[in-house]
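Sequence lines set the chain letters: A, B, ... in the order given, protein chains first and strands last, and positions in each chain run from 1.
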Number of protein chains: 2
Amino acid sequence: MEFTKRQQEIINTAIELIADKGIQELTIKNLSQKIGIAESAIYRHFKSKLDILLGILSLFRENKEHMNRQLTEMEATATDKLRHMLLKRFAYFAANRAVAAVIFSEELFRNDHRLSEQVYQIMQDNQQVIIGIITAGQQADEFRDDVSAKEMSFMITGALRLIVTQWRIAEYTFDLEQEGKRLWATIETLVKK
Amino acid sequence: MEFTKRQQEIINTAIELIADKGIQELTIKNLSQKIGIAESAIYRHFKSKLDILLGILSLFRENKEHMNRQLTEMEATATDKLRHMLLKRFAYFAANRAVAAVIFSEELFRNDHRLSEQVYQIMQDNQQVIIGIITAGQQADEFRDDVSAKEMSFMITGALRLIVTQWRIAEYTFDLEQEGKRLWATIETLVKK
DNA sequence: CTATTGTTTGTGAACGTTCACTCACAATAT
DNA sequence: ATATTGTGAGTGAACGTTCACAAACAATAG
């Protein structure tokens with residue numbers, strides 16, 4: 001296990017704090033209070049606040065790699081893979097609001113080069129997976145091939161991010177998964193041959 | 001004039017500071033040093049730091065309303081309007097990196113209800129304009145009408161935002177306007193009848 | 001033209017508060 | 001008995017903001 005129980009608790013609490021009120025709410029004081037230990041106890045588990053942020057990103061990364069592995073191992077048409085990926089991610093964010101509030105906030109991780117580098121890598125990895133699916137779909141004659149796979153991936157990922165962001169700003173007042181289905185319907189119509 | 005010379009200088013310097021190193025670089029001390037006046041002098045022009053942030057948003061809003069007014073008054077096909085809007089915005093961000101770094105960072109404005117309300121309004125206004133153009137294009141038989149205008153607007157705006165964000169994270173190492181043209185080519189191919 | 005008054009814009013020192021982090025020490029678990 | 005985990009008090013630095021005060025300039029009065 002990469003993180004101890006306590007470390008996981010700290011990371012999850014940190015995500016919740018950020019999700020609730022933004023990055024400036026993530027202080028060692030708030031963190032320790034929410035967990036119910038003293039401030040100094042935090043430093044038994046992480047040597048600095050930066051390491052907690054790195055922990056958050058490492059959790060995101062693990063999660064995303066798991067999703068992607070599942071996806072690439074899947075035996076399915078490109079259309080099914082793309083739909084599966086999209087709807088799965090909407091479902092995940094719907095069930096994990098705190099993560100949804102943090103994961104697209106690049107601003108949170110600009111303090112440090114290590115942080116922004118991680119964010120960039122996660123984004124790039126993700127784009128590659130989607131481009132791969134679209135290209136495969138084009139070669140299998142499922143998707144139209146008169147459009148750039150890269151630009152399509154910008155549109156799909158961009159729409160996903162924008163919808164989740166608006167959902168958060170609107171304080172979760174619409175059904176995210178349903179909106180995800182609507183988005184998929186449009187994508188499918190646009191992209192299929 | 002809504003803002004005095006000095007106020008505009010403060011707002012622009014604030015945008016530059018945020019663009020450079022993120023929100024935590026925007027302190028009254030850094031701001032005053034960069035301008036070359038004492039910290040306390042800032043308070044001759046804004047009664048609080050929050051008002052400076054509100055000033056930034058008000059500048060964004062003004063700018064966007066100007067663009068939108070220009071667009072709605074334009075005599076052109078929906079296709080031309082959509083292309084014009086998209087390329088214009090890419091050009092604007094290419095020429096105003098500091099603004100590009102700030103404008104999509106909703107996280108910056110989560111401190112205060114007035115701030116996040118403003119951000120939400122700007123996003124909504126923008127979406128309405130794009131939905132309007134697409135709907136008009138569908139009615140004019142320029143665009144395919146078997147897709148939702150709203151979902152299309154998510155994809156277009158989402159792609160724009162994602163590309164600009166990646167451009168910033170990649171430290172401006174690719175040609176943003178060229179990428180904008182590539183995006184437009186894909187959008188046009190997908191959406192035209 | 002000069003003296004008086006007011007306004008704007010600036011300054012440096014200080015304010016109370018919060019921040020991340022440290023340390024000597026105590027409790028707990030193995 | 002030793003290692004792990006927790007504590008409370010304390011650190012210096014940074015934060016936004018306020019304050020008394022001064023220089024510069026304009027407006028007005030004699």
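- You won't find any donor-acceptor pair under 3.5 Å spanning the side chain of Ser40(B) and the base of dG10(C), going by distance alone.
- Proximity note for Thr27(A) (side chain, C-beta onward) versus dT7(D), dA20(C), dT17(D): the nearest is dA20(C).
- Once rounded to the nearest 0.5 Å, the distance linking CG of Asn111(A) with NZ of Lys49(A) reads 8.0 Å.
- Nucleotides of DNA chain D nearest to Ile28(B) and Arg6(A) differ in position, and the one nearer the 5' end is that of Arg6(A).
- One can place CD1 of Ile42(A) at 15 Å from C1' of dG8(D), the figure rounded to the nearest angstrom.
- The Ser48(B) side chain lies nearest to dT17(D) when the options are dT17(D), dC21(C), dG6(D).
- When each of Gly36(B) and Asn30(A) is assigned the nucleotide of DNA chain C with its nearest heavy atom, Gly36(B) is the one assigned upstream, toward the 5' end.
- Distance from the side chain of Ile37(B) is smallest to dG10(C) among dG16(D), dG10(C), dT5(D).
- One interatomic measurement links the two molecules: NZ of Lys29(A) to P of dG10(D), which rounds to 15 Å at whole-angstrom precision.
- His45(B) has a side-chain polar atom (N or O) that falls below the 4.0 Å cut-off from OP1 or OP2 of dG10(C).
- Ile35(B) comes within 4.0 angstrom of no nucleic acid atom, judged by non-hydrogen atoms across all strands.
- Rounded to whole Å, the distance from CD on Glu9(B) to P on dT9(C) is 13 Å.
- Remark: side-chain polar atoms of Asn30(A) are paired, donor with acceptor, to backbone N or O of Glu25(A) under 3.5 angstrom.
- With dA20(C), dT17(D), dA24(C) as the choices, the nucleotide that has an atom nearest any side-chain atom of Arg44(A) turns out to be dA24(C).
- One interatomic measurement links the two molecules: CG of Asp112(A) to C1' of dA20(C), which rounds to 15 Å at whole-angstrom precision.
- Rounded to whole Å, atom P of dA20(C) lies 12 Å from atom CD of Gln33(A).
- dA20(C) atom P lies 14 Å from atom CG of Asp51(A), rounded to whole Å.
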Test Gln166(B) against Glu179(B) for side chain to side chain donor-acceptor pair (under 3.5 Å), laying out the working first. CA-CA 11 Å; Gln166(B) 286 200 8; Glu179(B) 193 56 50; over 6 Å; no
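- In this structure, the nucleotide among dC21(C), dG16(D), dC19(C) sitting nearest to the side chain of Tyr43(B) is dG16(D).
- The distance between atom NZ of Lys49(A) and atom C1' of dT22(C), rounded to the nearest whole Å, is 17 Å.
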Evaluate Glu65(B) against Arg61(B) for salt bridge (charged side-chain N to carboxylate O under 4.0 Å, His left out), listing each step before the verdict. CA-CA 6 Å; Glu65(B) 273 166 8; Arg61(B) 176 147 224 171; 3.4 Å; yes
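- Atom-to-atom, CD of Gln24(B) to C1' of dT18(C) comes out at 16 Å; the value is rounded to the nearest Å.
- Nucleic acid contact class of Ile52(B) (heavy atoms, under 4.0 Å, all strands): none.
- Classification of the Phe3(A)-Phe46(A) ring pair by plane angle, with boundaries at 30° and 60°, yields tilted.
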